[in-house]
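Have a look at the structure below before the remarks.
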2 protein chains.
Amino acid sequence: MKKITINSVASYAGVSKKTVSRVLNNEPNVSDVTREKVLKAFKELDYTPNPIARGLARNRSFIIACLYDNPSKSYITRLQSGALAACHQHGFNLLIHPCELRGQALLDNIEQLLQTSRLDGLVLTPPFSDHGELVAFLRQKKVPFARVASVKLDDDSVSVRSNDEQGAFEITELLIKLGHKDIAFIKGHPDHSATEQRFNGYRRALAQHGIEYQERLVEEGNFSYHSGADSAETILHLNPRPTAVFASNDYMAAAVLKAATQMNLKVPDDIAIAGFDNAPIARHIWPGLTTIAQPVEEMTRLAVEHLIEQINQGDNGDEEQQKEPLQITLEAKLICRESTAAPKS
Amino acid sequence: MKKITINSVASYAGVSKKTVSRVLNNEPNVSDVTREKVLKAFKELDYTPNPIARGLARNRSFIIACLYDNPSKSYITRLQSGALAACHQHGFNLLIHPCELRGQALLDNIEQLLQTSRLDGLVLTPPFSDHGELVAFLRQKKVPFARVASVKLDDDSVSVRSNDEQGAFEITELLIKLGHKDIAFIKGHPDHSATEQRFNGYRRALAQHGIEYQERLVEEGNFSYHSGADSAETILHLNPRPTAVFASNDYMAAAVLKAATQMNLKVPDDIAIAGFDNAPIARHIWPGLTTIAQPVEEMTRLAVEHLIEQINQGDNGDEEQQKEPLQITLEAKLICRESTAAPKS
DNA sequence: TCCTCATCTGACACCGGTGTCATAATGTTG
DNA sequence: CAACATTATGACACCGGTGTCAGATGAGGA
């Protein structure tokens, strides 16, 4: 079995390899008969262009990387699956780049990644989506990038998010409408912009329903199960104990649930619990967690889609055909399960 | 900022680009002074070779792909993280390729992957590790590959596994020693070779302790939470009800736990539950699951390590310097949590 | 001293595509 | 029908490295 190159195709079709290249890239100025001949040759020889050679000639790698640092495995795989979908559709490959670094070390690490992989672009996911230095660095290096779940909108890069503030508002409002007044809140990791968003939604719901905000009911977490367990320890021993807990993600909520169960508190009767993200664990535990579902795959897919568009257009020397700042916001959806109910009293 | 190519380095160091190339690749026949000059140029110009050009010239992509189809997100991320570690260390990039296809469609899909990505090699993870047709296909195409958690050892490819049979044996034995005699078992997905292994371990433990195997206590699952819930439904309504359930993975075990709790059965007093894999959920639920921990990252890391070795040596025309079939088995470890105890009786 | 052999080095083709430009073929206009 | 614009095509250099091979250099032996 011989290797089929553009030269084989060219001689088989009786044209020059440049003409074959034209057909490959849908360039204009190819007559219909010639195009047909070439396409026929493609079919009959079962030709696939070599992406490496292509990449060399056009200084492209057809690779984009997805940068993340998230404790939730399910979130990561959902990100990946959305990104992959968009990549495959456009003939790109996806590189995954988990990264725990911060500060200068992060920039160095990314610089090295760019150097060695010759990426065409980068997808930033939380907490990197709103990492000011990183964004500035990439812009300066003129590396195309798109951001997932970012909040700040200070530039011309693409950003796809879901409405965390609104989601948090709705779930808090649900608790309020069930009759809860003392609703504890566990914050997420301070590096993630979602943390502030969710907190804002919580406070807006309280305010809107005339419930006073109580600082004593708010704990600092970091999205990890462990931090949820620590916060639960504090919250569940408050006196008076709140009748509901809203944790900024499902892992922390699950930790609260476990702690409550260990203390022989009945959920939701003794204490209602709500989470955020609709992670698998939310329905794997008993009682199932009331939570907010975000379209993570879709967010990432859209982000990558726009990233690729940006890459491809930057390719035509059309020099900075400035697109207006693009921010897309998708809907988050409230999912009610068994962990929430009216307070007992 | 100019682009630094091998030509820049060559003229800066006052040598030919071929000599620079020699230094890059640690080829022999470069005098020490020359080598020093070139290395100095590398430093001062901050040169990084272009992997794409390299790939074109050597017909290599420095990319390997990880093939998987697994319902457990945490398993997937662990696989990835082990694979990434090995890749980075050797200057390779990792492509992830989730794939749900089977039969001819699978082979077509892989063929296309090979065509379009020009991979250097493939890591097969369950359930593909023991997929006979796929393995044969890859061997025929002479695509280097390594297998993770495979059982069959019928060829010369590398395979890294952990001892599932032994793990299942130990956990079953634990239940037996606690006093359980009626121990239900939930099988995994039939495509995964681990399924049979774990079942074998279960039976061996029963046999070794003189407990009769009861077919009525065995349910077919497929590793998904949902299948665990279905099996639990059946098992928990058996009469007489078994005093323990050993599920082939933690998701199914979690489903049993949830079902038992909903039925107001106390775990572990009314029914003991054991899982397998030590997935995060095993410690996120209450009571925590007794389970078996496998070194998934390490397994994948080793597999990729050997794969890269194989790729690099196939590169020197040393033509099939046959290495003996290599199978590495790592230890699985029993982890006791609260979900197992002696039967109440 | 001359020849041989091993070591070092560079010229040049090549990997498989794409960009530039010149030229041939065709169409349009006055 | 001449003069020019437009479309179609191929020759050739180029992307940034590596492989081949021939030539230069220096050490060791006759």
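We name chains A, B, ... by the order of the sequence lines, and we start the count at 1 in each one.
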What orientation do A:His88 and B:His97 show, parallel under 30°, tilted 30 to 60°, or perpendicular over 60°? tilted
With the threshold set at under 4.0 Å for non-hydrogen atoms, list the residues of residues 32-52 of chain A touching DNA chain D in residue-number order. A:Thr34
For A:Tyr75, is the NZ or CZ atom of A:Arg78 found under 6.0 angstrom from the centre of its six-membered ring and inside 45 degrees of the ring axis? no
With a cut-off of less than 4.0 Å, is there a side-chain N or O of [X] near OP1 or OP2 of [N]?
X       : N      : value
A:Thr19 : D:dG10 : yes
A:Arg58 : C:dG17 : no
A:Ser16 : D:dA11 : no
B:Arg54 : D:dT18 : yes

For B:Phe128, give me all partners under ring pair (Phe, Tyr, Trp, His ring centres under 6.0 Å), at least two apart in sequence or on another chain. none
If you look at every strand shown and take non-hydrogen atoms under 4.0 Å, does A:Asn25 touch a base, only sugar-phosphate, or nothing? sugar-phosphate
Counting any heavy atom closer than 4.0 Å, what does B:Val20 reach on the DNA or RNA strands: base, sugar-phosphate only, or nothing? nothing
Please determine whether any donor N or O and acceptor N or O are separated by less than 3.5 Å between the side chain of A:Arg118 and the base of D:dG16. no
N/O donor-acceptor pair, side chain B:Lys17 with base D:dG16, under 3.5 angstrom: no
As a check of understanding: the bend across the helix from C:dT1-D:dA30 to C:dG30-D:dC1, end axes from five pairs, rounded to 10 degrees, works out to 50°
Nucleotide D:dG19, atom P - distance to CG of B:Leu56 in whole Å: 12 Å
